[in-house]
Peer 1: 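Sharing a structure with you now.
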Amino acid sequence: MQQPLIIQGGTPLRGELRVNPAKNAALPILVGSLLTREPVTLEEVPRLRDIEVLLELLAHLGTRYAWEGRTLHLHTPEITRTQAPYELVSKMRASFIVLGALLAREGEGEVSMPGGCAFGPRPVDLHIKALRDLGVEIHEESGTFTARRAGWPEGEVVFDRPTVGGTEQVMLAAALGPTEVTIVNAALEPEIVDFANFLQMLGVQIEGAGTAKMTIRGADALGGGRYRIIPDRIEAGTYLLAVAATRGEVLLEGARPEHMDALLSKLKNAGHTVVTGTDWVRLKSTANPEPFDVDAREYPGFPTDLQPPVTAYLATVPGVSLVRDLVYPDRFTHVGELARLGAELHLKERVLAVHGRGLTGARIKAFDIRGGGAMVIAALAAEGETVIEGMQHVGRGYEDLEDRLRQLGAVVYGEPVRLEQAAD
Ligand code: EPU
């Protein structure tokens, strides 16, 4: 188990930071490498726990891979197994989409119910319905889905609601073969567009990525190539909120402001100075920001993955802010922990009222990636020392967190190992 993180809060963060590549773009792209017999090289892959877990699963299915710094070489000349076992899939929800890739390449696949961040119900019914609508036969028994296709997936999928993973699942299943698949109410996230760009590089024909109607025309066989993953808008947003919570100043290099409109406009309206270029964002905090309300929703709305971080930020802003999450209405595991730091939060009918005020250090715990991001932001803003447990969750999504916070002047250290603990 990872040791707790100790943060001596109350210091404004200042400095420059280069944004890391996007975890949620890298994950489907790694799975997409299963579609081709040819080698694929990915530049700028984040060195994160979730990536390692997925690589373990890909290796189990037949992928050979090698790291060269942050460049990842992947090669799957043959799929050696079509079963994705519980031990590997249960660690991370994103691994469920290997089903689409296995169906495309081998015509069959078996995948356990996925695991992942436990912040409320996260079903896979939309994935299953979509694949069935395309003619795939799927059976579920004891938490394992077995899928087989007679011909090639074909036709139209209409999602009841946009789903990032469901859209990726269909894109994968439709990438090979002589047929055409249309997705209506597709997810619009930049990570979907990045994934579509990657698949197009392999030879899949895709129209309408980033719009609600996307058409995928499969190819007989796909090629390989070299691809660079987009910067992580959620990581970038988390650091902006950390800087704003401590009333600091930062230049985020490599950030893509066009992916971050919802957050940047909130920060500007709150009174912070936000200046952007094509690939950078500069934030200079005001000492007296205004509170604001947040409705987290699908892209281009305010991202649900920044809902816990923005809640932590709002807990430092005097006044009342109302927060709702329309994607995951129960994504509030961070609320009880923020209260330990002195935040006044009232959750009623899935609306969180945040009464901002000064926070003070305490011992708290992260339960999932973005809830952990919220803990870190609140701890940085709080006066005194905060000890954060559960850092293994945070490491799934934020690369080199400690070093990057130090780079911005934060006082951060791991808990000293006590002698009696070190004895064995
Ligand atoms: N949904 C269903 N049935 C399904 C699929 C989704 O009801 O079969 C619901 C979900 O419960 C949720 C909504 O649809 O209410 C949208 O979920 P979506 O499928 O879009 O989420 P996801 O693909 O499982 C990705 C990210 C999450 C992020 C969500 C929403 C990856 C690997 N994960 O999950 O990121 O919160 O989209 O934007 O891309 C994170 O990075 O910490 C994280 C959890």
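All values derive from a computational prediction rather than experimental measurement. In listed order, ligands and their atoms are each counted from 1.
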Peer 1: Mind jotting down which residue pairs meet the salt bridge (Lys or Arg N to Asp or Glu O under 4.0 Å) criterion with at least one end in residues 62-75? Sequence neighbours excluded, please.
Peer 2: Glu44-Arg70, Arg70-Glu399

Peer 1: With a 4.0 Å heavy-atom cut-off (strictly under), which part of Arg370 contacts ligand 1: side chain, backbone, both or neither?
Peer 2: side chain

Peer 1: Of all residues at least two apart in sequence or in a different chain, which pass the salt bridge (Lys or Arg N to Asp or Glu O under 4.0 Å) check with Glu180?
Peer 2: Arg217

Peer 1: Verify the distance criterion only: is there a donor paired with an acceptor across the side chains of Thr41 and His73 at less than 3.5 Å?
Peer 2: yes

Peer 1: If only side-chain N and O atoms count, and only distance matters, is there a donor-acceptor pair under 3.5 Å linking Tyr398 with Asn20?
Peer 2: no

Peer 1: So which of Val164, Asp325, Leu126, Asp50 gets nearest to atom 25 (C) of ligand 1, if we judge by its closest heavy atom?
Peer 2: Val164

Peer 1: Does any N or O of ligand 1 fall below 3.5 Å from an N or O anywhere on Gly165, backbone included?
Peer 2: yes

Peer 1: Pick whichever of Gly397, Pro123, Ala26, Pro329 has a heavy atom sitting closest to atom 6 (C) of ligand 1.
Peer 2: Pro123

Peer 1: Would you say the side-chain atoms of His139 and Glu141 include a donor-acceptor pair closer than 3.5 Å?
Peer 2: no

Peer 1: Could you tell me whether Lys23 approaches ligand 1 through its side chain, its backbone, both or neither, with non-hydrogen atoms closer than 4.0 Å?
Peer 2: side chain

Peer 1: With a 4.0 Å heavy-atom cut-off (strictly under), which part of Asp305 contacts ligand 1: side chain, backbone, both or neither?
Peer 2: side chain

Peer 1: What atoms of ligand 1 come closer than 4.0 angstrom to any heavy atom of Ala94?
Peer 2: 32 (C)

Peer 1: Does only the side chain of Arg161 get under 4.0 Å from ligand 1, or the backbone, or both, or neither? Count heavy atoms.
Peer 2: side chain

Peer 1: What part of Ile369 sits under 4.0 Å from ligand 1 if we count only heavy atoms: the side chain, the backbone, both or neither?
Peer 2: side chain

Peer 1: If we only count N/O pairs under 3.5 Å, is Val327 in contact with ligand 1?
Peer 2: yes

Peer 1: If you measure from each non-hydrogen atom of Arg331 to ligand 1, which part falls under 4.0 Å: side chain, backbone, both or neither?
Peer 2: side chain

Peer 1: Looking just at side-chain N and O atoms, do Tyr413 and Gln8 make a donor-acceptor pair shorter than 3.5 Å?
Peer 2: yes

Peer 1: Between the side chains of Ser321 and Asp293, does any donor sit under 3.5 Å from an acceptor?
Peer 2: no

Peer 1: Can you confirm, on distance only, whether ligand 1 has an N/O atom lying under 3.5 Å from any N/O atom belonging to Glu189?
Peer 2: no

Peer 1: Going by heavy-atom distance to atom 3 (N) of ligand 1, choose the closest among Thr304, Asp125, Asp368.
Peer 2: Asp125

Peer 1: Determine whether the side chain, the backbone, both or neither of Arg93 has a heavy atom under 4.0 Å from any heavy atom of ligand 1.
Peer 2: side chain

Peer 1: Using the six-membered ring wherever Trp is involved, compare the ring planes of Phe195 and Phe198 and label them parallel, tilted or perpendicular (cut-offs 30° and 60°).
Peer 2: parallel

Peer 1: For the aromatic rings, using the six-membered ring if either is Trp, is the centroid distance between His127 and Phe96 under 6.0 Å?
Peer 2: yes

